[in-house]
Amino acid sequence: MSVITLQSVKKDFGIKEILKDANFSLDATDKVGLIGTNGSGKSTLLKMIAGLEPVDSGQILVNSGAKVIYLPQQPDLDENRTVLEQIFADSGEHMALVREYEELSDKLAHYPEDSQLMSRLSAVMQKMDATGSWELETNAKIILTKLGISDFDTVIGTLSGGYRKRIALATALLSEPDVLLMDEPTNHLDALSVEWLQSYLNRYRGALFLITHDRYFLDRVTNRIIEIDRGDIYTYTGNYSYYLEKKALAEESAVSSQRKHQGVLRRELEWLKRGPKARSTKQKARIERVHAMRQMEFKQAQGKVDISTASRRIGKKVIEIDNISKGYNGRTLIKDFTYEFSPEDRIGIIGGNGAGKSTLMDMITGRVQPDSGNVDIGSTIHIGYFDQHSEELLTALNENQRVIDYIKEEGEFVQIADGTKITASQMLERFLFPGNQQYAPIHKLSGGEKRRLFLLRVLMSVPNVLILDEPTNDLDVQTLAVLEDYLEDFSGSVIVVSHDRYFLDRTVDTIFAFEEGGLLRQYPGNYSVYLDYKKAEEAAQQEATNKEKSNKVEAEKPASKPQDTEPKKRRRMSNWERKEFEQLEGKISQLEDEKSEVEKALLNVSPGNYSQVQKLYEQVETLKQAIDKATERWLELAEMDS
């Protein structure tokens, strides 16, 4: 059953046609990945479905009663709310109950004997039971924790953009809509959080329509791919791997059809040149067919970024890092890190958000000075730094600058890999910026297009050390694939900071992982190999722990005594033991009576009087222990008397 249907939808921004005549539907169980080059209109399409962007013509039909939630790249949150308040902002009574429960619990921690507070808390708890608010709060805290957020009372205004995106993501997941629209949900998430989100969405029962650059995520979550290609919509029933296979076959078929068409057209044109007399009906039809064939247009294969820049000589000395440390506000980010980079290095830097990855890159490039230690850069080294905040810097500094003028600041001409020189305009075309876009101001570009433009500027500087800090944020999967191919042949050192598992697997052969206390530990191989190492380490650690527990249990066991060959004679009770035995019968009976009385009192406690409940419950437990102990002793003495 379809929950959303697009019928002949068109959208045009003047300099670019986003959708020509889009028709497709989203079923209730669909998990769709939306792909296309940056600026092709992916985010615009999601906004139109969410009702935030108007269509030029056509219509978008949404089933009545269907709940649609849209998660944008830059969510708009109330900066004055706490994390939990934001999560429950649209939950009405649930939010009020949870908030009151949290406030009362906090007050009772300071005034545990306040009977009025206890009574109010009891009433709130009963309401939470009746409305299911307990489960809602528990789920919220689980989701937030899995996404790396543990302080639920933090005010939104004090958090970074990455944390805000996670809170918006948690809010969207908790709302359990019929349709979930997600624009780059994996941005700002570390690998563990991405793995959890992947598992969560695999179990999600509603329809999912998402944009993501994470190809492992795309492959494992989606069951359908929709591609936007220069205004046209193409649908592939399958995951990302299936799409790649079918896309390659379709392009081969299109090339073959075009080649065949050109061959037929060539022969027909030769026939026309011989001057046939258009007397017969057949000849007239043939001439008309030739004219029609000449007018026929074939859509060229999807445009792809062409990275082909010249290389720069790199010496033996690249970057030498000697015992550097760095900390902020009493927290150590990097401690005693030493490493000597080589010209062939392909290094991946991983770690949780805020671990110090970008700080390390800033120290290598000289933007930040270490608290101790030294960074020595070779005389022939030219660093190209693709900063994860490049889009923000580009917009802030050059918002009204034309695209081509921004590139010309690096050079009017560019030398490419084969030694020839091309103009800045031609280089922009290779990076999928057509002529009409080149003379548009930068603020007209999409977020991904700005990132691609900045990448072009970095590569045009002909670096021999390339530092890529979260390069996959906002770059489309096509550009990432071309960038990965470029890095394979790059004649220099590459340092990648990324949470993108696919990109790391394709581009690096050594992993540096941030661990506790600012330590960086080196692992050979790509990210998947690193995961294998970690799993093996965890398994070995668990085995050692189990062995230690087993040895401890064995050590605590009493030493076995050699059994006597003759059976021991049963010892008879002494006079004082017999007296104790007789007294125990009455004592056990008395304890049982006391326990019954306390249990009756417990049943009659007024609702909300939790301090009295706790007191009586503790008395019952104490009496139980006394009864058990007395009974055990009575049995021991009875054995002697038998």
Side-chain angles (χ1 to χ4, degrees), residues 77 79-84 86 141-170 186-196 319-339 341 347-376 385 387-390 392-393 467-470 473 495-500 504 510-523 527 530 534 537-538 541:
L77 306 180
E79 297 195 350
N80 297 316
R81 287 174 175 159
T82 66
V83 172
L84 270 185
Q86 181 64 48
K141 290 181 176 179
I142 289 173
I143 291 173
L144 286 167
T145 302
K146 292 294 185 180
L147 294 175
I149 298 172
S150 55
D151 190 349
F152 309 129
D153 296 322
T154 302
V155 177
I156 301 292
T158 64
L159 297 174
S160 66
Y163 276 100
R164 295 184 190 199
K165 178 69 177 282
R166 295 185 203 188
I167 293 166
L169 174 57
T186 61
N187 275 7
H188 307 294
L189 296 184
D190 57 33
L192 289 177
S193 296
V194 172
E195 288 278 358
W196 175 83
I319 301 172
E320 295 178 358
I321 298 178
D322 181 25
N323 207 38
I324 63 171
S325 296
K326 187 68 180 178
Y328 290 102
N329 301 322
R331 177 170 170 250
T332 300
L333 293 180
I334 298 160
K335 183 179 180 182
D336 302 332
F337 177 56
T338 297
Y339 186 74
F341 289 90
I347 306 291
I349 311 289
I350 64 173
N353 288 293
K357 303 184 295 296
S358 294
T359 300
L360 176 60
M361 299 304 101
D362 285 340
M363 285 194 288
I364 290 174
T365 57
R367 297 183 180 186
V368 172
Q369 294 302 312
D371 295 338
S372 61
N374 298 296
V375 177
D376 191 10
Y385 190 9
D387 188 346
Q388 66 168 309
H389 303 296
S390 55
E392 298 169 18
L393 294 170
I467 298 178
L468 305 173
D469 190 358
E470 296 293 359
N473 284 358
I495 306 170
V496 177
V497 176
S498 182
H499 63 271
D500 190 311
L504 288 171
T510 302
I511 293 287
F512 277 105
F514 274 81
E515 300 191 346
E516 291 293 329
L519 299 177
L520 273 88
R521 185 176 174 188
Q522 182 176 346
Y523 294 85
Y527 184 76
Y530 157 78
K534 294 301 289 182
E537 284 180 0
E538 289 171 4
Q541 186 176 4

Close side-chain approach of T82 to F152, heavy-atom, < 4.5 Å | no
Closest non-hydrogen contact found for Q86 with I156 is CB-CD1, 4.1 Å
### Message
Counting C-beta onward and ignoring hydrogens, is there a side-chain heavy-atom pair between L159 and I167 closer than 4.5 Å?
### Response
yes
For L77 and A168 the tightest heavy-atom approach is CD2-CB, 4.3 Å
- Task: Check for a donor-acceptor pair, side chain of T365 on one end and backbone N or O of M361 on the other, with a separation under 3.5 Å.
- Result: yes
Item checked: Flag side-chain contact, heavy atom, 4.5 Å: I321 against F341 -> yes
Q. With no hydrogens and no angle check, is any side-chain donor or acceptor of N374 less than 3.5 Å from a backbone partner on I324?
A. no
Hits for side-chain hydrogen bond (donor to acceptor under 3.5 Å, both in side chains) against T145, two or more places apart or cross-chain, chain-then-number order -> none
*asked:* Counting C-beta onward and ignoring hydrogens, is there a side-chain heavy-atom pair between K326 and F337 closer than 4.5 Å?
replied: no
Show, in sequence, the C-alpha distance, side-chain angles and deciding distance for V83 and L144, and conclude whether the side chain to side chain contact (heavy atoms under 4.5 Å, CB included) test is met.
CA-CA 9 Å; V83 172; L144 286 167; 3.7 Å; yes
Between S193 and K146 the two heavy atoms that sit nearest each other are OG-O, 3.2 Å
Begin from the C-alpha positions of I495 and L468 and carry the test side chain to side chain contact (heavy atoms under 4.5 Å, CB included) through to its verdict. CA-CA 6 Å; I495 306 170; L468 305 173; over 6 Å; no
Rounding to 0.5 Å, atoms CZ (R367) and OG (S358) come to a distance of 9.5 Å
*Return yes if a side-chain donor-acceptor contact under 3.5 Å exists between Y385 and D362, otherwise no.*
yes
Check: W196 and I143 side chains under 4.5 Å, non-hydrogen atoms = yes
* Heavy-atom distance under 4.5 Å between the side chains of L169 and L189, does that happen here? -> yes
Is the number of heavy atoms from other residues, nucleotides or ligands within 6.0 Å of CD (E537) greater than 12?
-> yes
Original post:
Mind checking whether Y339 and F512 have ring centres under 6.0 Å apart?
Top reply: yes
S498 and I350 have their tightest heavy-atom pair at O-CG2, 3.8 Å
- Task: List the steps, then state whether salt bridge (charged side-chain N to carboxylate O under 4.0 Å, His left out) holds for R521 with E516.
- Result: CA-CA 10 Å; R521 185 176 174 188; E516 291 293 329; over 6 Å; no
So the side-chain hydrogen bond (donor to acceptor under 3.5 Å, both in side chains) pairs with at least one residue in residues 328-338 (sequence neighbours excluded) are S325-D336
Separation between CD (E538) and NZ (K534), nearest 0.5 Å, reads 6.5 Å
Heavy atoms of I334 and G356 approach each other most closely as CD1-O, 3.8 Å
Heavy atoms of V155 and T158 approach each other most closely as O-OG1, 2.7 Å
Practice problem: For residues I347 and I349, determine if any side-chain heavy atom of one lies less than 4.5 Å from a side-chain heavy atom of the other. | Solution: yes
**OP:** Spell out, as yes or no, whether a donor-acceptor pair under 3.5 Å connects the side chain of K357 to the backbone of G352.
**Re:** yes
Worksheet entry | Worked check of side chain to side chain contact (heavy atoms under 4.5 Å, CB included) between L84 and K141 | CA-CA 8 Å; L84 270 185; K141 290 181 176 179; 4.0 Å; yes
* Y527 and Y530 aromatic ring geometry - parallel, tilted or perpendicular at 30°/60° bounds -> tilted
- Task: Decide yes or no for I319 and I364: does some side-chain heavy atom of the first lie under 4.5 Å from some side-chain heavy atom of the second?
- Result: yes
